[in-house]
Amino acid sequence: MELFDNLALGFSTALLVQNVLYCFVGVLLGTAVGVLPGIGPTATVAMLLPITFSFEPVTALIMLAGIYYGAQYGGSTTAILINLPGESSAAVTALDGHEMARQGRAGAALAAAAVGSFIAGTVATVALAVAAPPLARVALQFGPAEYFSLVLLGLIVSIALARGTALKALAMIFLGVLLGTVGQDIYTGTPRFVFDERELYGGIDFVSVAVGMFGVAEILRNLENEQTRTAIVSKVKNLWPTREDRRRIVGPILRGTGLGAALGVLPGGGHVLASFTSYAVEKRISKRQQEFGHGAIEGVAGPESANNAAAQTSFIPLLTLGLPAHPVMALMVGAFIVHGITPGPNVIVDEPELFWGLIASMWIGNVLLVLLNLPLIGMWVRMLRIPYQVLFPMIILFASIGTYSLGFNAYDVYAIVFFGILGYILIKCGCEPAPLLLGFVLGPLLEENLRRALIISRGDASVFVTRPISAVLLVLAVAALAVTVLPAIRKRREIVFSEEE
Amino acid sequence: MRTPSRYRVAARMIAAIGVVSLVAACAGNGGTAGNGGATGGGYPDQNITFVVPFSAGGPTDTVTRLIAEPMAAKLGGKIVVQNVEGAGGTVGAGEVARAQPDGYTVLMHHIGMSTAPALYQNLGYKPLEDFEMVGLVTEVPMTVVARKDFAPATLKDLVTHVKANANKVTLANAGIGAASHLCGLLFQTAAGVKLQEVPYEGTGPALTDLVGGQVDFMCDQTTNTSGQISAGEVKAYAVTTPERVKSLPDVPTTTEAGLPQLQVSVWHGLYVPKGTPQDVVQKLSEALKTALADQKVIDQMAKLGTAPVPAESATPQAHRAKLQEQIGTWARVIADAGVKAS
Amino acid sequence: MERRRSFPDVLAGGIFVLIGGAFVVGSLGYELGTPLRMGPGAFPLLVGAIVAALGLAIVVKGLIVGEAISFGPIPWRAVAVIVVAVLFFGFTVRGLGFVPTSAVTALLTTLASSRVRLVTALAVTAGLTVASTLIFVVGLQLRIPLLGPWLGF
């Protein structure tokens with residue numbers, strides 16, 4: 001069978017000593033930068049790109065890809081341990097993962113994330129090998145109207161990220177969307193809400209928002225009553241998931257993998273939706289809904305699996321069509337070019353060794369990541385024993401440096417302060433930061449696709465319902481809103497009713 | 001006893017993170033370590049930073065990284081590429097304009113250097129007055145491409161078609177001031193028609209929608225389009241240069257295809273801040289010439305559908321003349337189109 | 001029915017109204033455009049109005065059936081110190097360079113805890129400065145000068 005020949009070719013390439021070695025270097029580096037707040041895979045890949053010039057093309061791409069998915073892995077570690085997500089997907093992991101860490105179950109959370117990611121990575125690699133070209137064709141059916149509806153659905157689904165009231169969650173989502181409009185408008189070039197500061201033209205960086213709303217706000221909360229605060233520390237229970245945990249994560253991992261793999265294929269930002277769609281699904285179908293947000297292991301396993309599956313399948317548009325779905329992939333396009341390979345649909349035919357070698361290396365990379373991360377769990381959990389007086393200055397300092405290094409822009413650092421204070425006050429008022437973060441990430445996509453769809457349709461808003469995929473997504477969005485809001489109203493009526501008695 | 005042991009754990013953790021990063025950095029540095037410290041005194045005696053005012057992985061970034069290595073070898077130092085994005089390249093350019101004029105901060109900018117004065121009111125720097133020019137690097141040709149099932153067969157047909165359907169046809173671009181936007185403006189002027197433009201955030205998404213058939217046509221650099229053209233994913237009407245492009249031998253020039261007014265290329269040049277010593281500028285210019293004559297650079301640029309500029313253009317004088325001429329040209333085109341970025 | 005006022009609800013709602021309102025006012029200064037070609041002001045105007053409306057709803061709800069949340073104390077010292085420390089970092093990193101800026105930021109931050117002793121603070125500062133220099137400058141090759149131009153370098 002052709003597939004087996006191809007995979008054989010892929011593995012014979014990927015298992016060459018230097019390829020395994022650089023795959024390992026890639027995932028190790030990726031894990032390292034993922035763990036550090038601020039510094040992300042994009043900066044790392046940009047920094048290492050010139051070094052790969054002297055490599056074989058396939059080796060170079062294997063290492064760069066390794067950095068990308070390694071960083072996805074490392075980012076969840078920081079989110080779980082110190083509630084500091086570096087990417088929107090990790091913000092979801094932080095919800096229950098950090099709660100688990102506070103309960104002394106950091107080890108179980110990290111293990112669930114590692115195992116989930118591995119299974120997801122394996123399944124997604126198979127999907128990539130079996131069905132990449134047809135999947136890419138399907139993805140191209142998504143135009144601006146479809147993306148608008150998809151993002152709207154995603155925003156409504158993210159109400160589920162909050163423990164509190166749907167009303168506050170909705171307000172936080174839209175506040176995030178609103179803050180996402182800061183910066184130069186891509187349609188007219190008009191700088192919006194920038195107070196004439198050119199440094200703000202590029203908008204507010206996600207890392208500043210995340211570091212402020214999660215990192216700084218969390219630190220301030222912890223410093224509220226130092227006398228009574230017992231370190232999370234002392235009561236590290238068991239390092240590994242219990243049998244009960246293992247039973248509970250099977251379903252979320254499988255569902256997360258499926259969802260993530262499907263969303264990751266969409267080049268217009270599908271991968272950012274993966275982790276929290278999975279979270280919302282798990283919360284919705286779980287029998288223990290009240291545990292979500294208070295350390296439900298499903299809330300770690302599902303989103304982590306979804307995120308990793310999406311990270312793998314988001315290579316599909318790049319590999320089969322030469323179309324990058326993520327800044328890291330745009331860099332990889334640069335790497336193709338530097339190595340004299342014209343990125344585009346012909347890569348799969350002209351460079352089969354590279355195509356299949358890269359796919360095979362992703363599976364090898366996932367094996368390496370598990371081998372690397374499972375033994376590290378013990379070390380990470382011990383990190384929680386660092387006294388808080390050392391830990392919180394470290395978080396603040398590393399976060400400032402990391403954020404500054406994004407673009408050597410002092411405004412990114414100032415933004416940490418703004419979002420730290422705003423986040424702290426809002427959290428104290430019962431508004432949770434995760435929905436805001438997702439609104440912030442998805443807002444620009446929402447606006448861009450709305451305006452673009454209207455330009456293409458000549459201002460006819462009916463495109464959103466006449467295009468079938470878009471219409472289905474909108475129906476789902478309305479249904480999701482109804483499902484979320486109705487129980488809240490019913491519950492309130494129950495409360496009112498009981499109070500009257 | 002408990003507290004000190006906790007501090008030890010902390011110290012060990014910090015040390016462990018440090019070791020991991022060091023290992024990583026050593027692994028990373030292996031490839032370039034050989035280049036450092038070859039000259040005896042004088043310029044350069046520290047790392048030179050090439051500022052690219054656009055995102056990493058884009059065409060300008062790629063061109064910069066292609067020439068950085070041979071230039072570093074010739075200069076006998078190390079060149080690091082830094083991406084300072086924002087506001088159509090004006091943030092990075094402004095930063096270099098204000099940098100120490102010592103030759104250790106070099107700007108790589110493209111055609112946008114000449115359009116910024118017309119697009120931005122408060123630019124904060126003057127392209128001709130605040131920089132020393134080092135030399136031109138390459139002129140990347142552009143291509144007029146359309147979704148593969150778009151009706152017109154030739155460039156002439158395209159012009160007729162868009163004139164007849166001006167309110168239906170969509171023209172994609174990669175955002176205000178992007179090369180694709182400028183080329184699109186020039187196309188509309190040349191064809192005498194005003195079209196509905198669809199901006200994207202960068203070339204990748206624009207090309208994705210073109211391949212997916214969501215928009216009708218666009219004009220973009222060969223760096224981005226040649227792979228899609230040779231695979232038949234998009235239809236190519238013409239290249240915007242006087243001669244055909246080697247990697248796309250079947251695509252006619254705009255002159256051959258009957259729209260000679262549409263002449264544009266994305267020219268790139270190197271700049272240093274005003275006041276940089278002349279001998280440093282000269283050294284950089286010489287290194288640039290050497291890099292542009294490097295066979296590897298020539299081959300890789302050819303695969304991108306471009307070529308290094310001839311040696312006489314890789315000089316400060318030629319560069320200044322080009323910039324001056326282009327500022328004038330684009331001021332007119334942009335004023336005619338009524339575009340303003342801020 | 002008993003009215004249950006909730007200060008946190010009113011405060012949160014007030015913040016949403018304030019920010020939403022500010023964006024609405026700001027976006028009126030930009031072109032609104034047409035449905036075919038929405039201007040830069042249209043989307044923020046719409047979203048700002050939604051945020052303000054939701055904020056208003058939260059205020060009203062907070063006055064009638066508020067959520068029972070305890071607002072808790074505010075660690076004024078920590079807030080002030082961390083704000084100053086991070087602003088200091090952003091303001092001076094270019095001028096003073098990596099090492100002095102990191103050291104001062106770390107030292108200021110350690111003072112956020114009211115239980116800190118001077119010796120601990122200095123030890124933590126020294127440790128973090130060395131660690132961050134090793135990780136970010138030596139390890140990750142971050143291009144920030146160790147000592148900046150304000151110090152005569």
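Throughout, protein chains are lettered first and strands after them, A, B, ... in sequence-line order, and every chain is numbered starting at 1.
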Task: side chain to side chain contact (heavy atoms under 4.5 Å, CB included) against C:Val83, all qualifying residues, sequence neighbours excluded - done: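 If we apply the side chain to side chain contact (heavy atoms under 4.5 Å, CB included) test to C:Val83, skipping adjacent residues, the hits are A:Val417, A:Ile421, C:Val79, C:Leu87.
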
Task: Part of A:Tyr411 within contact of chain C (heavy atom distance under 4.5 Å) - done: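 Neither the backbone nor the side chain of A:Tyr411 comes within 4.5 Å of chain C.
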
TODO: Using a strict cut-off of less than 4.0 Å between a Lys/Arg side-chain nitrogen and an Asp/Glu carboxylate oxygen, indicate whether A:Arg192 and A:Glu447 qualify as a salt bridge.
DONE: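 Result for this pair is yes, salt bridge flagged.
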
Task: Test: C:Arg37 and C:Glu31 ion pair at under 4.0 Å - done: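 Not counted as a salt bridge, because no side-chain N and carboxylate O are separated by less than 4.0 Å.
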
Open item on the list: Any heavy-atom pair between the side chains of A:Asp185 and A:Arg451 that's under 4.5 Å?
Closed with: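 A side-chain contact under 4.5 Å exists here.
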
Open item on the list: Out of A:Gly459, A:Ala410, A:Cys429, return the one with the most heavy atom pairs under 4.5 angstrom to chain C.
Closed with: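 Winner by heavy-atom pair count: A:Cys429.
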
Open item on the list: For the interface with chain C, which of A:Leu422, A:Thr181, A:Ile219 has the highest count of heavy-atom pairs at distances below 4.5 Å?
Closed with: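 It is A:Thr181.
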
Answer with side chain, backbone, both or neither: which region of [X] has an atom nearer than 4.5 Å to a non-hydrogen atom of chain A?
X: C:Leu46; answer: neither
X: C:Phe23; answer: both
X: C:Phe7; answer: neither
X: C:Ile58; answer: both
X: C:Ser27; answer: both
X: C:Phe71; answer: both

- [ ] Output every pair passing salt bridge (Lys or Arg N to Asp or Glu O under 4.0 Å) with a member in residues 402-422 of chain A, not counting sequence neighbours, ordered by first then second residue.
- [x]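 Qualifying pairs: none.
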
Task: Donor-acceptor pair, side chain of C:Thr110 and main chain of C:Leu107, under 3.5 angstrom - done: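 It does hold such a pair.
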
Task: Between A:Tyr414 and C:Phe91, ring centroids under 6.0 Å - done: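 Aromatic pair excluded; centres sit 6.0 Å or further apart.
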
- [ ] Verify the distance criterion only: is there a donor paired with an acceptor across the side chains of A:Tyr404 and A:Asn409 at less than 3.5 Å?
- [x]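 Absent: no donor and acceptor within the cut-off.
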
- [ ] Identify which of C:Pro44, C:Pro35, C:Ala78, C:Gly26 forms the greatest number of heavy-atom pairs closer than 4.5 Å to chain A.
- [x]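 The residue among C:Pro44, C:Pro35, C:Ala78, C:Gly26 with the greatest pair count is C:Pro44.
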
Open item on the list: Looking only at heavy atoms and a cut-off of under 4.5 Å, which of C:Ala85, C:Gly39, C:Ala106 has the most pairs with chain A?
Closed with: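 Option with the greatest count: C:Gly39.
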
